[in-house]
Amino acid sequence: MIRHPAASHKPLHNVPNSCHTITLVGAGLTGPLLAISLARRGFPVQIFERRPDMRLTRTSAGRSINLAVSARGIHALREAGLWDLMSRIIIPMKGRMMHSLAGELTFQPYGKNDLEVINSISRADLNVALMNAAEAQGVSIHFGERCTGMDWSTGAARFRNEATGRETTVDSEVVIGTDGSASALRLDMQKLGRLNFSQEHLDYGYKELTIAAGPGRNHVIEPNALHIWPRGAYMLIALPNIDGTFACILFLPHEGPESFATLDTSEKAADFFAERFADTVALMPQLPENYSGNPTGSMVTVKCAPWQVDGKVLVLGDAAHAIVPFFGQGMNCAFEDCTVFLELLEQYGPNWKKLFQEFELARKNNTDAIADMALENFVEMRDRVADPCFLFRKKVELALEAKYPRQFVPKYAMVTFHRVPYSVALSRGKIQDRLLAELCDSFSRIEDLDWKKADRLIQRDLTPLETL
Ligand SMILES: Cc1cc2nc3c(=O)[nH]c(=O)nc-3n(C[C@H](O)[C@H](O)[C@H](O)COP(=O)(O)OP(=O)(O)OC[C@H]3O[C@@H](n4cnc5c(N)ncnc54)[C@H](O)[C@@H]3O)c2cc1C
């Protein structure tokens, strides 16, 4: 129900006049996905999004232009009946293609076979497809409406129209914040004085750049790989697009000798690229414009608890647990939130208080775990992937997995190709690292692996995984 407690608080048009409506704040990636499944189950759902409709204005969808979607995201999209549609606009990436300073290429497969891939998808295309599907399911999306928090005394959500400044309050049964890492709902929950909250900014930023398509919209470098230029303290990555381009992201410290602070002109950036990423120069004709025209983004890990207030308000996705992007899991994790939320809805029905509590109980230790693994993976991507010892260990991991497929599953595979709970992947990953260190300290050829020792250590320390 719409309320206008003050003269300036006018009703929004076309909002269902029902207290049973579920209000979602934010039509990014998670809001529309959750909305689709709620609407299918018969709930009236409305979404309020602060940005204009990107299908009309076609501005940048926001942060990074390409995302890697993997098992958890695919599962959630499949459950929502959307994966067939999405699978037409993805490019599978079978492994990492490392580019050395001298321009040599090394390919390292992600998984044990060609089915274990991650998939590059354009954030904008995915967002548009999700919004279209939500609307087709009867969800109304109100654009240009910024949530400014809650009226805690009445339980109504407050919005301000970005164009007119008009303020509105919206009554609904529950309000779910899918409004991203800087969530306005979460900020308002903090004011209630019970929210534990931590926010850790990385001292690195990122910038989006583009590798142009070749003649006939062909890819100019290997399309079925995630390209990495690891340079120790920083890195460049590139993900393929279906139009033949690559969406690149430069990760660089904010401050320091080689940083966004020192590379403060497109000329300096071009010199830097010529020296440090020489093989990209001919592929990036628009580097100067891209570098100076695109903003420098920041990355943050957000942890908070509780995620809900009295069964009335819940935060979910990045709003509850933003993570850094180095495991390619932020969206996958947020989509898994939707899977778990819907499973609990089956179990408890709209007993929102119980459902919200159980949801947080089921997710919190897992989202904390992926937050930690994502931070660890930054060092792996920008530095360790160039280290021959690391590459050798990866080979040993695959050999062990082939022999013990239910016991020794590499951490990357548990996170990316399976839906093993993140907290389990983290704890088993630590055990496996220790086993690998014990096994690999005395040889450098896979043929010399001491299988008896491997067998003894694995049987001793790793039970079979039930959730494969
Ligand atoms: C550089 C980079 C690369 C990444 N790569 C990957 C990857 O490869 N794989 C992966 O799984 N994840 C990746 N991620 C993470 C992923 O982008 C996020 O986890 C995901 O977008 C979270 O979805 P969300 O719906 O919670 O938030 P968002 O997608 O951020 O959506 C939030 C929405 O809420 C709206 N909003 C915000 N405030 C308000 C308000 N006050 N009122 C109304 N609306 C509001 C925003 O406009 C936005 O539309 C990456 C992130 C970055 C930064």
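Below, all heavy atoms of this structure are taken into account, side chains as well, without hydrogens, waters or symmetry copies. Bear in mind that the values here come from a model prediction, so they are computed numbers and not experimental data. We count ligands from 1, going down the list as the structure has it; atoms in each ligand are counted the same way.
- Any N or O atom pair closer than 3.5 Å counts here, and Leu67 shares no such pair with ligand 1.
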*Start with the C-alpha distance between Asp53 and Arg55, add both sets of side-chain angles, then the distance that settles salt bridge (Lys or Arg N to Asp or Glu O under 4.0 Å), and finish with yes or no.*
CA-CA 5 Å; Asp53 187 345; Arg55 294 166 296 186; 2.9 Å; yes
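- Proximity of Val25 to ligand 1, defined as any heavy-atom pair under 4.0 Å, is confined to the side chain (atoms from C-beta onward).
- Ring geometry for Phe378 against Phe326 counts as parallel: the plane angle stays under 30°, on a 0 to 90° scale with 60° as the upper cut.
- An N or O contact shorter than 3.5 Å is missing between Ala319 and ligand 1 by distance.
- Contact annotation: Glu145 has at least one heavy atom less than 4.0 Å from an atom of ligand 1.
- A salt bridge is defined here as a Lys NZ or Arg NE, NH1 or NH2 lying under 4.0 Å from an Asp or Glu carboxylate O, and Glu376 with Lys411 meets this definition.
- Contacts between Met299 and ligand 1, counted as non-hydrogen atom pairs separated by less than 4.0 Å, are absent for every part of the residue.
- Considering each of Gly31, Ala182, Ala68, the one bringing a non-hydrogen atom nearest atom 9 (N) of ligand 1 is Ala68.
- By the 3.5 Å distance cut-off applied to N or O atoms, Asn332 is counted among the residues near ligand 1.
- Ring-centre distance between Phe260 and Tyr204: not below the 6.0 Å cut-off.
- Side-chain atoms of Gln329 and Ser70 include a donor-acceptor pair closer than 3.5 Å.
- A salt bridge does not link Arg88 to Asp125: none of the charged side-chain nitrogens sits closer than 4.0 Å to a carboxylate oxygen.
- Residue Asn66 has no N or O atom closer than 3.5 Å to an N or O atom of ligand 1.
- No cation-pi contact links Arg276 to Tyr234, judged by a cut-off of 6.0 Å to the six-membered ring centre and 45° from its axis.
- If you number the atoms of ligand 1 from 1 as listed, the ones under 4.0 Å from a heavy atom of Arg51 come out as 47 (O).
- Around atom NZ of Lys94, no more than 12 heavy atoms belonging to other residues, nucleotides or ligands sit under 6.0 Å away.
- Below 3.5 Å of separation, one finds no N or O of Arg146 facing any N or O of ligand 1.
- For the pair Ala322 and Ser181, the tightest heavy-atom approach, listed with the atom from each and the gap, is CB-CB, 3.5 Å.
- Considering Gly73, Gly28, Cys333 only, the shortest heavy-atom separation from atom 33 (C) of ligand 1 involves Gly28.
- Contact annotation: for Tyr206 versus ligand 1, heavy atoms closer than 4.0 Å belong to the side chain alone.
- The closest heavy-atom contact to atom 51 (C) of ligand 1, among the options Pro325, Gly317, Gly144, Ala184, comes from Pro325.
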